[in-house]
Amino acid sequence: MSRGVSLPCRILLMIGGISLIGIGVAFFRLAGFGVDPFTGMNLGISMFLNWSFGNWQLLANAVILVAVFFTARSCIGLGTLVNMVCVGYLADLICWLFLEVHFGLPARVACLAAALFFLSFGVALYMKGDLGIAPYDSVAIVIETVTHQKIPFHYARILSDITVAIVGAIFCIAAGESLWQIIGIGTVCNALLNGPAIQMFRNLLDSMFKSTDNT
């Protein structure tokens with residue numbers, strides 16, 4: 001994926017991508033139109049189990065990481081650990097900075113659009129860096145690998161996003177909590193658009209770096 005890209009450039013791609021993902025997660029929360037599917041699943045299950053969100057998310061990532069280790073080991077690297085540690089804290093910091101700010105509907109819609117862009121472009125950037133990706137972002141690659149590319153990445157991402165969103169909704173209802181805490185128009189947009197957008201940005205980055213190599 002990163003053939004011909006220098007290590008310093010790959011590190012910058014990883015840092016930039018993970019930073020954009022953290023910003024995207026924060027913008028999703030600020031928009032208030034529902035969270036991204038994986039966060040929604042973890043919120044729903046943690047409420048059902050009466051666990052803290054952080055503890056359950058850590059366990060969920062660990063379980064996925066084991067599966068990735070046996071099916072797509074090349075996805076694991078420095079970026080995997082940086083993503084697991086930094087994204088949540090960066091999102092919390094940004095939300096804290098805007099804690100006293102009231103967002104009207106136009107601003108919330110703008111936050112949602114920005115969140116969709118930052119998340120998809122951020123994932124494409126740090127995947128291009130090829131220094132390891134977050135466990136959940138590896139799921140689509142695992143599906144693509146085990147199906148021998150019969151299910152391409154963008155369809156696999158849609159499939160995994162829809163699946164975890166449904167799981168989160170089921171556990172949220174079972175916990176007696178309001179479904180709107182995790183599911184909203186933002187969740188639907190993310191589940192349907194994130195995979196194709198990531199693939200589009202990956203293709204764009206591949207073209208950009210090929211053009212650079214040829215000059």
Side-chain angles (χ1 to χ4, degrees), residues 1 17-18 20-29 31-45 57 60-61 63-65 67-68 70-72 74-76 79-80 83-84 87 91 109 111-130 132-173 179-207:
M1 183 184 296
I18 291 174
L20 287 181
I21 292 169
I23 295 170
V25 171
F27 274 44
F28 254 111
R29 290 165 60 179
F33 287 117
V35 297
D36 65 277
F38 186 57
T39 299
M41 182 191 75
N42 289 329
L43 278 173
I45 296 176
Q57 177 139 309
N61 275 321
V63 171
I64 295 172
L65 195 60
V68 173
F70 288 106
T71 54
S74 61
C75 293
I76 301 173
T80 308
N83 190 297
M84 290 174 66
V87 167
V109 172
C111 281
L112 175 60
L116 292 168
F117 170 78
F118 286 137
L119 278 176
S120 57
F121 188 46
V123 171
L125 274 179
Y126 92 108
M127 288 179 72
K128 182 64 180 177
D130 198 21
I133 59 179
Y136 180 68
D137 289 333
S138 305
V139 170
I141 296 176
V142 170
I143 295 173
E144 186 179 44
T145 300
V146 299
T147 61
H148 304 290
Q149 298 185 334
K150 291 180 180 177
I151 302 179
F153 174 86
H154 53 291
Y155 289 130
R157 181 70 188 219
I158 292 174
L159 176 64
S160 59
D161 281 348
I162 292 176
T163 300
V164 296
I166 292 172
V167 171
I170 291 171
F171 276 95
C172 184
I173 294 171
L179 187 60
W180 302 115
Q181 292 187 59
I182 61 172
I183 301 293
I185 186 62
T187 312
V188 175
C189 289
N190 187 287
L192 296 178
L193 301 177
N194 201 31
I198 292 171
Q199 188 62 51
M200 179 189 71
F201 286 126
R202 288 176 70 189
N203 293 338
L204 178 62
L205 288 169
D206 286 342
S207 298

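Because the structure is predicted, anything quoted here is derived from the model rather than measured. Sequence positions, counted from 1, serve as the residue numbers for this chain. Because only heavy atoms are used, hydrogens play no part in the values below, and waters and symmetry mates are left out as well, while side chains stay in.
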Quick one: [atom1] on [X] to [atom2] on [Y], what's the gap to the nearest 0.5 Å?
X: Lys150; Y: Ile143; atom1: NZ; atom2: CD1; value: 15.0 Å
X: Ile18; Y: Ile23; atom1: CD1; atom2: CD1; value: 12.5 Å
X: Leu125; Y: Lys128; atom1: CG; atom2: NZ; value: 10.5 Å
X: Ile185; Y: Asn190; atom1: CD1; atom2: CG; value: 11.5 Å
X: His154; Y: Leu159; atom1: NE2; atom2: CG; value: 12.5 Å
X: Asn42; Y: Phe38; atom1: CG; atom2: CZ; value: 4.5 Å

Least distance between heavy atoms, [X] atom then [Y] atom:
X: Gly34; Y: Phe28; value: O-CD2, 3.4 Å
X: Val25; Y: Ala91; value: CG1-CB, 3.8 Å
X: Ala169; Y: Ile183; value: CB-CG1, 4.3 Å
X: Ala115; Y: Phe27; value: CB-CB, 3.7 Å
X: Thr147; Y: Ile151; value: OG1-N, 3.3 Å
X: Gly168; Y: Ile182; value: O-CD1, 3.3 Å

Could you check if a side-chain atom of [X] sits within less than 4.5 angstrom of a side-chain atom of [Y], using non-hydrogen atoms only?
X: Tyr136; Y: Asp161; result: yes
X: Pro37; Y: Ile162; result: no
X: Val139; Y: Val68; result: no
X: Ile158; Y: Pro196; result: yes

*Apply side-chain contact (heavy atoms from CB on, under 4.5 Å) to Ile21 and Val87, showing your working.*
CA-CA 7 Å; Ile21 292 169; Val87 167; 4.0 Å; yes
If only atom types and distance count, is the side chain of [X] paired as donor or acceptor with the main-chain N or O of [Y] below 3.5 Å?
X: Thr187; Y: Val35; answer: yes
X: Ser138; Y: Leu65; answer: no
X: Tyr126; Y: Leu20; answer: no

*Audit row: Ile141, Met127, side-chain contact (heavy atoms from CB on, under 4.5 Å) steps and yes/no*: CA-CA 11 Å; Ile141 296 176; Met127 288 179 72; 3.6 Å; yes
*Show the numbers, then the answer: is there a side-chain contact (heavy atoms from CB on, under 4.5 Å) between Ile198 and Arg157?*
CA-CA 9 Å; Ile198 292 171; Arg157 181 70 188 219; 4.1 Å; yes
Let me check something: any side-chain donor-acceptor pairs from residues 116-124 under 3.5 Å, sequence neighbours excluded? List them with distances.
unit_1, atom_1, unit_2, atom_2, d
Ser120, OG, Leu116, O, 2.9
Ser120, OG, Phe117, O, 3.2

